[in-house]
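The structure appears right after this line, and notes come after that.
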Amino acid sequence: MIQFKTTTPGSDVVRVTNYVYSGNTVSLAQYKNSPGIAPELLKTGTITLQNGEIAQLQIVKEFDSYTDNYTYDTKNSIFKNVVGYDKLLLTHIIGKQGSFTFVDTIIGGVSHNFVNGGEFEYTYNSDNYPTMATQSWFGTVLHSYEFVYY
């Protein structure tokens with residue numbers, strides 16, 4: 001994938017993210033495109049891939065920058081064996097091989113464990129595929145997800 005576009009219903013604004021690949025490193029630049037206005041650069045960044053998964057995301061914006069370090073479990077992802085999912089890997093949190101469990105965000109050199117304080121917990125079936133996931137923030141469940149396989 002070299003470009004990903006995001007639209008919002010009822011809006012003419014389109015966010016366009018362009019990707020450039022170099023080995024296990026992917027550079028990105030995201031723009032806001034509004035009709036009649038020159039594209040506005042929103043952010044740039046670097047994605048580091050390891051074993052086919054996002055290992056690190058470094059983002060630079062006008063007023064802030066951050067680095068996310070990703071950790072996955074060793075179970076199966078809901079996207080395992082989904083043909084073509086690797087092309088969308090850069091747009092999702094859930095990995096193609098393991099389930100996303102932790103991100104350590106570093107802002108200004110200080111570690112902020114946004115997801116482990118905000119944590120993902122999974123329930124797996126007998127084949128090690130996730131059937132449920134909950135996202136919590138310091139013990140309060142924010143979101144619950146159910147995965148059904150046919």
Side-chain angles (χ1 to χ4, degrees), residues 1-122 128-130 132-137 142-150:
M1 182 176 67
I2 59 170
Q3 188 175 78
F4 183 74
K5 293 182 179 181
T6 305
T7 59
T8 302
S11 173
D12 292 336
V13 175
V14 178
R15 288 181 187 246
V16 178
T17 306
N18 297 311
Y19 300 96
V20 177
Y21 296 80
S22 178
N24 286 331
T25 303
V26 182
S27 299
L28 68 89
Q30 185 179 76
Y31 297 88
K32 177 181 173 184
N33 294 336
S34 300
I37 300 173
E40 173 189 352
L41 179 63
L42 298 175
K43 63 184 172 184
T44 60
T46 304
I47 300 167
T48 303
L49 302 173
Q50 184 176 22
N51 299 321
E53 300 284 9
I54 296 174
Q56 185 178 73
L57 170 65
Q58 296 174 299
I59 295 294
V60 177
K61 297 182 186 180
E62 184 176 0
F63 297 107
D64 68 337
S65 299
Y66 62 91
T67 300
D68 288 341
N69 295 304
Y70 291 85
T71 303
Y72 302 86
D73 66 17
T74 58
K75 307 282 187 182
N76 293 318
S77 165
I78 61 171
F79 295 107
K80 183 177 179 181
N81 299 323
V82 174
V83 175
Y85 177 73
D86 59 326
K87 308 299 186 265
L88 298 175
L89 178 66
L90 305 179
T91 67
H92 293 79
I93 292 176
I94 298 175
K96 67 176 183 163
Q97 294 167 8
S99 297
F100 166 75
T101 59
F102 179 78
V103 64
D104 180 37
T105 300
I106 302 168
I107 301 174
V110 178
S111 176
H112 301 274
N113 296 331
F114 289 122
V115 177
N116 200 18
E119 186 172 313
F120 282 91
E121 292 187 31
Y122 297 88
N128 283 329
Y129 284 92
M132 299 260 331
T134 57
Q135 181 183 9
S136 301
W137 182 254
L142 300 176
H143 303 285
S144 294
Y145 306 92
E146 180 179 14
F147 307 107
V148 179
Y149 303 94
Y150 295 98

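Note: hydrogens, waters and symmetry copies are ignored here, and every other heavy atom, side chains too, is used. Source: prediction; values computed, not measured.
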What I'd like to find out is whether the side chain of [X] reaches to under 4.5 Å of the side chain of [Y], using heavy atoms alone.
X: Tyr19; Y: Phe4; answer: yes
X: Thr46; Y: Val60; answer: no
X: Thr48; Y: Ile54; answer: no

For residues 27-37, which residue pairs qualify under side-chain hydrogen bond (donor to acceptor under 3.5 Å, both in side chains), counting only residues two or more places apart or in two chains?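 Applying side-chain hydrogen bond (donor to acceptor under 3.5 Å, both in side chains) to every pair that reaches into residues 27-37, excluding sequence neighbours, yields Thr17-Gln30.
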With sequence neighbours left out, which residue pairs that include part of residues 54-63 fulfil the side-chain hydrogen bond (donor to acceptor under 3.5 Å, both in side chains) condition?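 Listed by first then second residue: Gln56-Asn69.
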Is it true that, when you exclude Gln50 itself, more than 12 heavy atoms of the residues, nucleotides or ligands shown sit nearer than 6.0 Å to its CD?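 No - once you tally the heavy atoms of other residues, nucleotides and ligands closer than 6.0 Å, there are 12 at most.
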Give, for atom CD1 of Ile59 and atom OG1 of Thr67, the distance between the pair rounded to the nearest 0.5 Å.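 The distance works out to 9.0 Å.
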Rounded to the nearest 0.5 Å, what's the gap from CD1 on Ile47 to CG on Asp68? Could you check?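 Here the rounded value is 10.5 Å.
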For Tyr122 versus Pro130, what's the shortest heavy-atom pair and its separation?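 Looking at all heavy atoms of both residues, the closest pair is CD2-CB, 3.9 Å.
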